[in-house]
Amino acid sequence: MTAKPKWFQTTAIDYPNSRPHIGTAFEKLGADVQARYRRMEGYDVCFLMGNDENTLKVADKAKELGLDPQAYCDDMARQFREVWDALDISYDVFIQTSSERHKQCCRKFAQKVYDNGYIYKGSYEGWYCPGCEEFKSDKVHAENAGQCPNHKRPLVRRSEPCYYFKLSAFKDRLLKELKENPQFVQPESRRNEMIGFIEAEGLDDLNISRHGEQWGIPLPFDPEFTIYVWFDALLTYITGIGYGDDEATFAKNWPCDTHFIGKDITRFHTHIWPAMLWAAGLDAPTKVFSHGFVTVDGTKMGKSMGNVVQPLDIIAKSSVDAYRYFFMRECPFPGDGDYSGQRFEEVYNTELANNLGNLLSRTITIPAKNYGGVFDGTAGVTPDAVVPNLNLAEFVATVRGHVEACRYNTALQAIVQDFLTPTNQYLEANAPWKLVKTDKEAAKKVLFNAVQSLRVTAILLKPFIPKSAEAIYTSFNFPTPWADVRYADAAELTAQPDDLRVTAELIDGKPKPLFPRIG
RNA sequence: GGCGGGGUAGCUCAGUGGUUAGAGCAAUCGCUUCAUAAGCGAUGGGUCGCCGGUUCAAACCCGGCCCCCGCUACCA
């Protein structure tokens with residue numbers, strides 16, 4: 001027996017200022033489809049997610065609510081997980097950066113980089129607002145005529161000591177990695193941006209410390225300073241799998257096979273993060289995938305816009321799988337997408353209710369009525385292909401390629417248009433509901449073939465809509481247990497040892513609609 | 001400003017030189033009634049951003065122009 005290949009993937013960790021919206025969920029969903037697909041394909045998957053808590057905003061928010069920061073963080077973590085669980089996000093590790101374990105490992109990492117000579121003390125000079133007690137960027141300074149936009153008082157030039165990470169030392173190595181390894185940053189457009197950036201601007205050393213903060217992780221070599229948030233946030237990807245305290249688990253999983261992130265933080269993950277890892281003597285991640293953003297009714301979502309949509313609100317009106325299907329089918333994962341209630345209804349009714357759900361209903365009801373749900377004499381019979389001019393093995397290979405490249409919408413489009421719709425056409429062309437009156441055996445064979453199409457469909461849809469795919473699959477007595485099916489099983493039509501039977505629960509001879517129409 | 005991507009049917013998009021430019025959704029009409037008022041078929045609808053060039057032939061190649069979007073150091 002050979003060991004399973006490992007697959008380690010992460011999503012970005014989130015600021016727990018407010019509950020997750022559909023944009024945050026988009027990332028988790030895309031990552032989840034990949035994780036589920038990899039598990040199906042026999043990988044030993046570790047899927048890591050978490051919350052990024054060591055930020056001032058979090059401490060402020062807790063204060064505002066009169067809560068201890070830790071209590072606040074723990075409660076938000078609970079709320080986040082509630083949403084992820086409702087969306088069937090199959091994470092294996094959920095890490096909070098305020099956890100003691102993370103902090104300890106974080107300090108170990110910082111010490112290591114310091115010992116390796118990639119952190120040095122310097123000073124940071126910039127425009128400071130005494131009212132805000134923080135530095136403002138040159139941009140803010142320029143745009144507000146040298147005044148603080150909050151306090152309307154002049155910003156003052158100020159210099160304070162800090163610690164720098166020697167990012168510049170990795171410029172050539174990074175450029176080489178970016179250019180020679182196309183998989184390192186996906187999609188391609190983001191990779192080009194990252195290469196272009198270094199070529200145009202070079203790489204400057206980065207201030208990684210803050211001074212005089214209470215909430216945060218102190219630098220091990222100088223406790224006067226805390227580690228600036230993103231430096232510790234990125235480290236969850238390794239502390240979550242045991243860096244610094246469980247080397248066996250860490251060694252097994254690292255390097256990361258895919259970091260799923262939003263396109264806005266691509267630079268952190270493709271410039272700073274690999275450099276940090278190299279500075280500590282570790283490998284860079286294999287792939288960083290930058291997904292697009294979700295808009296609502298064509299406009300950017302935001303608190304100030306008052307158009308924030310939460311996943312649970314959509315699920316309440318439909319179902320988890322409807323939610324998952326919509327975003328994976330309608331929004332190209334590498335690019336941006338839009339959510340609107342109208343479009344949601346359209347996609348749901350057309351593809352899930354009418355096409356898929358109805359197909360299941362009709363292929364259950366006719367056999368149930370005419371054959372008592374048992375396809376006598378089909379044991380050992382190889383099904384006929386239902387879709388003309390389709391090489392099933394090639395088709396499945398195509399879908400697999402789309403899934404592996406995170407082109408989820410294209411994968412689903414292929415499944416619906418090239419497989420599901422033709423199955424409905426096949427039924428129409430052969431009309432088993434008529435044929436059954438003249439040639440019961442022939443009608444049975446037609447239905448048998450159609451049901452086998454549903455088997456293929458259920459397998460292909462498993463990573464996308466796990467519950468519904470299982471409901472379809474277990475509506476019949478297919479021999480391979482659901483937990484064991486792989487895409488390879490969808491690639492061929494084979495005989496089964498027992499007569500095919502309808503195993504779905506029937507009420508008055510009919511199954512419960514899988515996706516009841518909405519609207 | 002610089003670098004990158006894009007402008008194709010009402011909507012979302014496919015289509016990198018070769019017959020009358022395609023798909024899905026939406027619209028209209030017909031067939032059907034096994035099924036979730038579901039299914040199937042047909043039809044309408046496009047000066048392929050604008051102008052010029054290369055070519056026997058251009059949505060596709062080249063030049064110019066207009067417009068949109070992304071990146072340009074810390075908001076998924």
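In what follows, chains are A, B, ... by sequence order, proteins preceding strands, each numbered from 1.
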>> Can you measure A:K434 atom NZ to B:U32 atom P for me and round it to whole angstrom units?
In response: 7 Å
> With both distances under 3.5 Å as the test, what is the Watson-Crick or G-U wobble partner of B:C56?
Replying inline: B:G18
>> Work out how far the P atom of B:G24 is from that of B:G41, and round it to whole angstrom.
In response: 9 Å
>> Could you tell me how far B:C3 sits from B:G22 if I compare only their C1' atoms? Round to whole Å.
In response: 33 Å
> With a 4.0 Å cut-off on heavy atoms, is A:F293 in touch with a base, just the backbone sugar-phosphate, or nothing at all?
Replying inline: base
Strictly under 3.5 Å: I want the nitrogen or oxygen pairs between protein and nucleotides 36-42 of chain B, one per line.
from  : atom 1 : to     : atom 2 : distance (Å)
B:U36 : OP1    : A:K510 : NZ     : 3.1
B:U36 : OP2    : A:K510 : NZ     : 2.7
B:U36 : O2     : A:F515 : O      : 3.2
B:U36 : O2     : A:R517 : N      : 3.3
B:U36 : N3     : A:F515 : O      : 2.8
B:U36 : O4     : A:G357 : O      : 3.1
B:U36 : O4     : A:L514 : N      : 3.4
B:U36 : O4     : A:F515 : N      : 3.3
B:A38 : OP1    : A:R517 : NE     : 2.8
B:A38 : OP1    : A:R517 : NH1    : 3.2
B:A38 : OP1    : A:R517 : NH2    : 2.8
B:A38 : O5'    : A:R517 : NH1    : 3.2
B:A38 : O2'    : A:N354 : O      : 3.3
B:A38 : O2'    : A:N358 : OD1    : 3.4
B:A38 : O2'    : A:N358 : ND2    : 2.6
B:G39 : O2'    : A:R362 : NH1    : 3.3
B:G39 : O2'    : A:E428 : OE1    : 2.6
B:G41 : OP1    : A:Q425 : NE2    : 3.0

>> In terms of relative ring orientation, are A:W84 and A:F80 parallel, tilted or perpendicular, with 30° and 60° separating the classes?
In response: perpendicular
> What's the CG-P distance between A:L506 and B:A35, to the nearest Å?
Replying inline: 13 Å
> Hey, mind stepping through A:R190 and A:E193 against salt bridge (Lys or Arg N to Asp or Glu O under 4.0 Å) and telling me if it holds?
Replying inline: CA-CA 5 Å; A:R190 298 294 157 204; A:E193 280 175 9; 3.0 Å; yes
> Expressed in angstrom and rounded to an integer, what is the separation of A:L427 atom CG from B:U32 atom C1'?
Replying inline: 13 Å
For residues 359-367 of chain A, dump all side-chain donor-acceptor pairs below 3.5 Å to protein atoms at least two apart in sequence or in another chain.
from   : atom 1 : to     : atom 2 : distance (Å)
A:S361 : OG     : A:G357 : O      : 3.4
A:R362 : NH1    : A:N424 : OD1    : 2.8
A:R362 : NH2    : A:E428 : OE1    : 3.4
A:T363 : OG1    : A:L359 : O      : 2.8
A:T363 : OG1    : A:L360 : O      : 3.0
A:T365 : OG1    : A:S361 : O      : 2.7

> A:R329 CZ to B:G24 C1': how many Å, rounded?
Replying inline: 7 Å
>> Working to the nearest 0.5 angstrom, can you tell me the gap between A:T270 OG1 and A:W273 CH2?
In response: 13.0 Å
> Taking the inter-plane angle between the rings of A:Y339 and A:F327 on a 0 to 90° scale, is it parallel (under 30°), tilted (30 to 60°) or perpendicular (over 60°)?
Replying inline: parallel
> Parallel, tilted or perpendicular: which describes the rings of A:F225 and A:Y163, with under 30° parallel and over 60° perpendicular?
Replying inline: perpendicular
> Between B:G17 and B:A42, how far is it from one C1' atom to the other, in whole Å?
Replying inline: 33 Å
> What class does the angle between the rings of A:W230 and A:Y228 fall in, given that below 30° is parallel, 30 to 60° is tilted and above 60° is perpendicular?
Replying inline: perpendicular
> Looking at B:A23, B:C71, B:C74, which one has an atom nearest to any side-chain atom of A:R190?
Replying inline: B:C71
>> Using the C1' atom as the point on both nucleotides, what is the distance between B:A9 and B:G45, in whole Å?
In response: 6 Å
>> Taking B:U32 as the reference, what is the distance to B:A59 when you measure between their P atoms (whole Å, please)?
In response: 43 Å
> Atom OH of A:Y91 and atom CE of A:M49: how far apart are they, to the nearest 0.5 Å?
Replying inline: 6.5 Å
> Using atom P of each nucleotide, how far apart are B:G5 and B:G63 to the nearest Å?
Replying inline: 14 Å
> What integer number of Å spans the P atoms of B:G49 and B:U16?
Replying inline: 15 Å
> NA contact type, A:V436, heavy-atom cut-off 4.0 Å: base, sugar-phosphate, or nothing?
Replying inline: nothing
>> Any strand counts, and the cut-off is 3.5 Å on both contacts for Watson-Crick or G-U wobble. Which nucleotide pairs with B:A42?
In response: B:U28
> Closest nucleotide of RNA chain B for A:F268 versus for A:W433: which of these residues is on the 5' side?
Replying inline: A:W433
> Take atom CD in A:E505; do more than 12 heavy atoms of anything else shown fall under 6.0 Å from it?
Replying inline: no
>> Output one letter per nucleotide in nucleotides 6-14 of chain B: B when a protein non-hydrogen atom lies under 4.0 Å from the base, S when only the sugar-phosphate is that close, - when neither is.
In response: ---------
> Does A:D32 use its side chain to pair, donor to acceptor, with the backbone of A:S90 at less than 3.5 Å?
Replying inline: yes
> Going by the angle between their ring planes, with limits at 30° and 60°, are A:F464 and A:Y408 parallel, tilted or perpendicular?
Replying inline: perpendicular
>> Just N and O in the side chain of A:K369: are any of them under 4.0 Å from OP1 or OP2 of B:A35?
In response: yes
>> Could you tell me how far apart A:I195 (CD1) and B:G2 (C1') are, to the nearest whole angstrom?
In response: 17 Å
> Whom does B:U47 pair with, Watson-Crick or G-U wobble, provided both distances fall under 3.5 Å?
Replying inline: none
>> So does A:A275 get a backbone contact from the side chain of A:Y118, meaning a donor-acceptor N/O pair under 3.5 Å?
In response: no
>> Let's see if you can work this out: which of B:C34, B:G70, B:A26 has an atom nearest to the side-chain heavy atoms of A:E193?
In response: B:G70
> Between A:F26 and A:R267, which has a closest nucleotide on RNA chain B that is more 5'?
Replying inline: A:R267
> Within this structure, what is the CG-to-P distance between A:L203 and B:C71, rounded to whole angstrom?
Replying inline: 18 Å
>> Under 4.0 Å, heavy atoms only, any strand: does A:G196 hit a base, just the sugar-phosphate, or nothing?
In response: nothing
>> I'd like the C1' distance from B:C34 over to B:U28, given in whole Å.
In response: 27 Å
> What's the OH-P distance between A:Y325 and B:C25, to the nearest Å?
Replying inline: 11 Å
> Which base sits across from B:G1 as a Watson-Crick or G-U pair, both distances under 3.5 Å?
Replying inline: B:U72
>> Just the rounded figure in Å: distance from P of B:C71 to CD of A:E188.
In response: 18 Å
